[in-house]
2 protein chains.
Amino acid sequence: MRQKRGGRAAGVTMEDVARVAGVSAMTVSRVLRQPTLVNADLKAKVEAAIRETGYIYNLVASSLASQRSGIIALILPTVASSIFTDSVKGVSDVARTHAVQMIMAETNYSPAEEEKVIEALLRRRPDGFVIVGVSHTRATRALLEKSGVPVVETWDSTPTPIDSLVGLSNFDAMKAMTEALVAQGFRRIAFVGTATRDRRAQMRAKGYEAGIAEAGLGAPLILNADDLTSMESGRIVAERVAALHPRPDALLCLNDVLAAGALLAFQRMGLAVPGDIAVAGFGGLDFSSHLNPSLSTVDIPRYEMGQRAAEMLIGRIAGTAAQGGTCEMGYRIVLRESTGGSRPAEAQAS
Amino acid sequence: MRQKRGGRAAGVTMEDVARVAGVSAMTVSRVLRQPTLVNADLKAKVEAAIRETGYIYNLVASSLASQRSGIIALILPTVASSIFTDSVKGVSDVARTHAVQMIMAETNYSPAEEEKVIEALLRRRPDGFVIVGVSHTRATRALLEKSGVPVVETWDSTPTPIDSLVGLSNFDAMKAMTEALVAQGFRRIAFVGTATRDRRAQMRAKGYEAGIAEAGLGAPLILNADDLTSMESGRIVAERVAALHPRPDALLCLNDVLAAGALLAFQRMGLAVPGDIAVAGFGGLDFSSHLNPSLSTVDIPRYEMGQRAAEMLIGRIAGTAAQGGTCEMGYRIVLRESTGGSRPAEAQAS
DNA sequence: TTTTTAATTGTTAGCGCTATCATCTGTTAG
DNA sequence: CTAACAGATGATAGCGCTAACAATTAAAAA
């Protein structure tokens, strides 16, 4: 430890290691970053010096000098929801294998907050962004394009991604589930989820509407919920649904969390699922298959989406992948007991 | 944009902004960091120049020059589990209000991985660490102590924290739940969760054992599960429990996820909960109160623990809090239908 | 032997900021 | 009228690393 610049304590630097090992700082740097370029004896000497001094490589200085931060930023609507945790893990796992660190920030489903958050993260000079969603403010888009940082958008689809895309058609997926419910014989299918929040929610609602329209089932019935990510919210909606006349014979939910909340609430108020009312969700979350009755859902490859997005991003950063790359992820309609399907049967789609 | 150093493109720098505004770079820096020191006219001019040039502050350079990264690191066992998401949010929310960024890494419940992860993060020179758990390798402890970075440990208790602690007594909490079950009249209480994973799991198992021993209920019965964070694992354990002779009259689980998996599995195999077997969990997760029957649990202030830990850490970083600070968080025994308690009644403890 | 080439290592000059001190203005007090 | 001082701005010298190039040595080719 030395004293420098007005008395602030500084840690061990590469220079210190170099002195101990009897080489130049550059050689130490090479041992750490391109060990094959260094003679084996010297390498051993340097490694010993590193151990002896307790040197900890300084990535801040490295980032500044090399213009590479080794950080990828992950922007998502919320960190506190089970909906995205698997995608986070997918990104995080890939990041780790490439010796890159992931930094996360949440937007609370607000494009304005997203703009702020991205601007804040840009100050860290991340090597790339994975962003959940394709709907951004004009300024956000301009900011990202000007910065020249690779971006992979995901969890939604668009023909005009900022850079690259790991897509998911929320519209198609929810429409397919609606059709599956129709095929199961349900005729008064209601939908929970607002059309006024984020684009993913909107597209799912539109998919439901399209499914209803094509089946010629009359006017769609869309119910809103204030909070779209809590079981409590599902419970509250279930009470409203139970009071409707005529009561819907199926309730399709924006996601599995709402669906589970509704399903359990129906049961508690004495309604049989699916006898009195069927319930279906979206997302394929883990707990869905464990509920009694097990919950029908649209299974989407959450972990794989995160993985794929991170891999694509790392390709873009390395320059091996071209801009404009797109990869559409599929979905699976999983009909279980909550819609009258049998437990083990899992229909396949897309 | 200028070309520098062999042709790499560089973005707009503070120097560029300064030139446009007709001031020195130092003044631009002051406008951004200590605006009160700068004359209002100049400030306006600089702000205009920033907008005009599209300048984005470079925190990498700032971190290097100021020896402050503005990053706090959060180390937790896993990012993919609902158990910690609320704590993550607590840390993240506090970090945001202090204009600090949070960087997260997971250890997979392994002290060896924790050591690697902490060493990797130390390279980014974070201003502080929040670490879930108090059990670390000797090397980890030495590393953190030598680095001099403030550390707040949480989600467990110890008289000898590395630096500061936001504590939770897993032993006391699980013992209290065991006693509550005994008070409810259960006599053959089994426990699920391994005593061989992390210290938090161990302490909970020990709390259960102590509760059983003090009640004079004979030998404790501890069942292991391979995976301690999935409902599927709870289901598998439930099958083993159902086959026991005599069958336990209550199953106490390491956490709510296991408990929910077990509860739903018991129901599916035709066992009444709590009639044939009671179930209780730990963690106070959101979904517990929604299950039918609602799940008894030990509610712990997950979000607040994250908040408190982050606040304490920021105090340590600012130098306003002393080393060795400790703050013990409480817990609440919540008895619900799954142990024969009535739904609204929520007993209070600690 | 001399020249060419490849393989190692070192030197230099930043990366884009900020801590520190110096300078310069305009006040206020003596 | 000068000294003392506070307030605002600028100049300088790094922070700890790496890109680019230079220098050195040893091996291969001529």
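Here is how names work: the chains are called A, B, and so on, in the same order as the sequence lines, proteins then strands, and each is numbered from 1.
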Open item on the list: I'd like to check B:I162 versus B:T140 (side-chain heavy atoms, cut-off strictly below 4.5 Å). Are they in contact?
Closed with: no
- [ ] Could you work out which one of C:dC15, C:dT18, C:dG10 sits closest to the side chain of A:A65?
- [x] C:dC15
- [ ] Look at the side-chain N and O atoms of B:Q67 and state whether any lies under 4.0 Å from the OP1 or OP2 oxygen of C:dC17.
- [x] no
Open item on the list: I need the CE-C1' distance between A:M14 and D:dC15, as an integer number of Å.
Closed with: 14 Å
Open item on the list: Once salt bridge (charged side-chain N to carboxylate O under 4.0 Å, His left out) is applied, what residue pairs with a partner in residues 302-328 of chain B remain, sequence neighbours excluded?
Closed with: B:D86-B:R302, B:D163-B:R316
- [ ] Whole angstrom is fine here: how far is it from CZ in A:R68 over to C1' in D:dG16?
- [x] 19 Å
TODO: Would you give the length of the straight line joining atom CG of B:L313 to atom NE2 of B:H98, rounded to the nearest 0.5 angstrom?
DONE: 10.5 Å
TODO: Using the closest heavy atom to pick a nucleotide of DNA chain D for each, name whichever of B:S24 or B:R125 lands nearer the 5' end.
DONE: B:S24
- [ ] Return the residues of residues 38-52 of chain B meeting this criterion: a heavy atom under 4.0 Å from some atom of DNA chain D. Order them by number, or give none.
- [x] B:V38, B:N39, B:L42
Task: Integer-rounded Å distance: D:dG16 C1' and A:R19 CZ - done: 13 Å
Task: A:R141 with A:E145: basic N within carboxylate O range, under 4.0 Å - done: yes
Task: Length of the line joining A:D16:CG and D:dG16:P, which is rounded to integer Å - done: 9 Å
- [ ] Could you check how far CG of B:L59 sits from P of C:dC17, rounded to whole Å?
- [x] 10 Å
Open item on the list: Expressed as a whole number of angstroms, how long is the span from B:N58:CG to C:dG16:P?
Closed with: 7 Å
Open item on the list: Given B:T137, which partner from the list B:E114, B:K116, B:E115 fulfils the side chain to side chain contact (heavy atoms under 4.5 Å, CB included) test?
Closed with: B:E115
Open item on the list: How many whole angstroms separate atom CG of B:L37 from atom P of C:dT25?
Closed with: 20 Å
TODO: From the options B:L74, B:L144, B:V117, B:T107, select the one residue that forms a side chain to side chain contact (heavy atoms under 4.5 Å, CB included) with B:I131.
DONE: B:L144
For residues 36-43 of chain A, please give each side-chain donor-acceptor pair under 3.5 Å, one per line with the distance, not counting sequence neighbours.
{"unit_1": "A:N39", "atom_1": "OD1", "unit_2": "A:D41", "atom_2": "N", "d": "2.7"}
{"unit_1": "A:N39", "atom_1": "OD1", "unit_2": "A:L42", "atom_2": "N", "d": "3.4"}

Open item on the list: Between A:S62 and D:dT18, is there a contact of a side-chain N or O with OP1 or OP2 at under 4.0 Å?
Closed with: yes
Task: Interatomic distance, A:E15 CD vs D:dG14 C1' [rounded to whole Å] - done: 13 Å
Open item on the list: Would you say that A:E153 contacts A:H136 through its side chain, given a criterion of any heavy-atom pair below 4.5 Å between the two side chains?
Closed with: yes
Task: Partner residues of B:Y109 under the side-chain hydrogen bond (donor to acceptor under 3.5 Å, both in side chains) criterion, sequence neighbours left out - done: none
Task: Heavy-atom check, side chain of A:V149 versus side chain of A:L122, under 4.5 Å - done: yes
Open item on the list: Quick check on contacts: within residues 115-124 of chain A, what sits under 4.0 Å from DNA chain D by heavy-atom distance?
Closed with: none
- [ ] Give one of base, sugar-phosphate or nothing for A:V60, where a contact means two heavy atoms less than 4.0 Å apart.
- [x] nothing
Task: Heavy-atom check, side chain of B:R96 versus side chain of B:M102, under 4.5 Å - done: no
TODO: Apply side chain to side chain donor-acceptor pair (under 3.5 Å) to the pair B:S87 and B:Y303, showing each step before the final yes or no.
DONE: CA-CA 4 Å; B:S87 291; B:Y303 180 80; over 6 Å; no
Open item on the list: Under 4.0 Å, heavy atom to any atom of DNA chain D: which of residues 27-36 of chain A qualify?
Closed with: A:S29, A:R30, A:R33
